[in-house]
Amino acid sequence: MENEGLSIVDKRTKTTYDIPLHKGTVRAMDLRQIKTGPEDFGLMTYDPAFVNTASCHSAITFIDGDKGILRYRGYPIEQLAEKCTYLEVAYLVVHGELPTVSQLKEWVSKITHHTMLHESTKNFLGGFRHDAHPMGMFISTVAALSTIYPDARNVRDPGVRQLQIYRLIGKVPTIAAYTYRHGFGYPYIYPDNDLSYAENFMNMLWRMAEPKYRANTALARALDILFILHADHEQNCSANVMRSVGSSQADPFVATAAAAAALSGPLHGGANEEVLKMLDEIGSKDRIPAYIERVKAGRVKLMGFGHRVYKNYDPRARIIRRAAGQVFEVTGRNPKLDIALELERIALEDEYFVKRRLYPNVDFYSGIIYQAMGFTPHMFTVLFAIPRTAGWLAQWQEMLQDPEQKIARPRQIYTGYAQRDFVPIEKRGA
Ligand code: MLT
């Protein structure tokens, strides 16, 4: 709407300011003019954890948390999950449009030809302890790629950026698979360019002595769908880190490693591991009511429920719930699913959860599928990081191309001492 704006009356100075609005948003810098005098710094906004602050304009992902809507570049997640491959969606997320046949062919070919790791990267991985957490290995190894590709530092060159995008999307499954095999002491398996993105990942994870790995097509498709669902999620914690680190013009390998580090926390990508721990702790359906009571008493958390943005069912959780059936036809039913379904049923009928608008999120069901596929829980966040790499790179590119973006540098409200004189150590007391 044109001429949209606010009139703000500063009661301190009895001055009225006209502040324009754009898409329902006030520009924080427009508030700086609101001052008590020339010495005053001007008004700032205070928003710990950015709960009500837009840090950028973005055309990548749209979420309506109240309605439970998720779209990449305008396409509903349900349609993409049903009709696309992960690499097609990765192209869409990064480039903004669905690829034509020839664009997709080139994209897949480029990414496929960047799946191999430099042999020194294998040696680097060999330096980790046998029981190293795969996510720690993943983060460090992605960062270490920066030493192999120093050309990546030229982030202002679109051609250079494109090459790093191929490299990163191509190499993250290889790194992920190597972190997995490292834990078992198995030799690392080279990528197989005949296979699809998900099938090749399965090959690098699970191929043993057979000359050619044949992936189960239902499992490969389920993995591809999970990848599609995790490709991007607008300004989540790790995307914000990617943009923030990238804003200093650090290369995309270290920026991606930083984003993956943010993802590794139990409040972000590590959440599905916590869901499995919770389901294990509950143990059986008859113990659910007692667990729910403990949640209400604030003694434990209902993991996998609630989301900063969704105040409705996370649309990704619904798709995963459906895909679980296809996986279990191959793997056999994971008994945790029955506990999860019952937990969901009880929670969604319970006034306590309904009032708080706590619905299952993507993490509630993903761990159950991953476990049925044979992954140990400490691989779950790595499985999230593989597809999210496309989202991080899209956010990074968009940030670098946005003329309004600068190095990220929030302000603070200083609460420390104003000034005090140095005290020599012998006078500082006991
Ligand atoms: C994500 O997919 O990144 C998570 O749901 C977290 C978020 O969006 O805040």
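First listed ligand is number 1; within each ligand, the first listed atom is number 1.
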What part of Arg388, side chain from CB on, backbone N/CA/C/O, both or neither, has a heavy atom under 4.0 Å from ligand 1?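 Answer for Arg388: side chain.
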The answer for which part of Arg308 has a heavy atom under 4.0 Å from ligand 1 is neither
Exercise for review: Look at atom 8 (O) of ligand 1 and say which protein heavy atom is nearest, naming residue and atom and giving the distance to 0.1 Å.
Suggested key: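 Looking at atom 8 (O) of ligand 1, the protein heavy atom closest to it is His233 ND1, 2.6 Å.
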Least distance between heavy atoms, Leu70 atom then Tyr310 atom: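 That closest heavy-atom pairing would be CB-OH, 3.6 Å.
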Which atoms form the tightest heavy-atom contact between Cys56 and Gln405, and what is the distance?
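Taking every non-hydrogen atom into account, CB-NE2, 3.4 Å.
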- Task: Determine, stepwise, if the pair Asn240 / Gln235 fulfils side chain to side chain donor-acceptor pair (under 3.5 Å).
- Result: CA-CA 6 Å; Asn240 182 53; Gln235 305 312 312; over 6 Å; no
Check contact between [X] and ligand 1, using heavy atoms of the residue and a distance below 4.0 angstrom.
| X | answer |
| --- | --- |
| Gln235 | no |
| His307 | yes |
| Arg316 | yes |
| Tyr310 | no |

Output all residues satisfying ring-ring contact (aromatic ring centres under 6.0 Å, His included) with Tyr291, sequence neighbours left out; order by chain, then residue number.
->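 Not a single residue meets the ring-ring contact (aromatic ring centres under 6.0 Å, His included) criterion with Tyr291.
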Kindly write out the residues that satisfy side-chain contact (heavy atoms from CB on, under 4.5 Å) with Lys296, not counting sequence neighbours, or none if the list is empty.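 Result, side-chain contact (heavy atoms from CB on, under 4.5 Å) vs Lys296: Ile292, Glu293, Asp350, Tyr352, Phe353.
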Note: ligand 1 atoms sitting under 4.0 Å from heavy atoms of Phe384 are 1 (C), 2 (O)
Margin query: Can you confirm if the aromatic rings of His233 and His307 lie within a centre distance of less than 6.0 Å?
Written below: yes
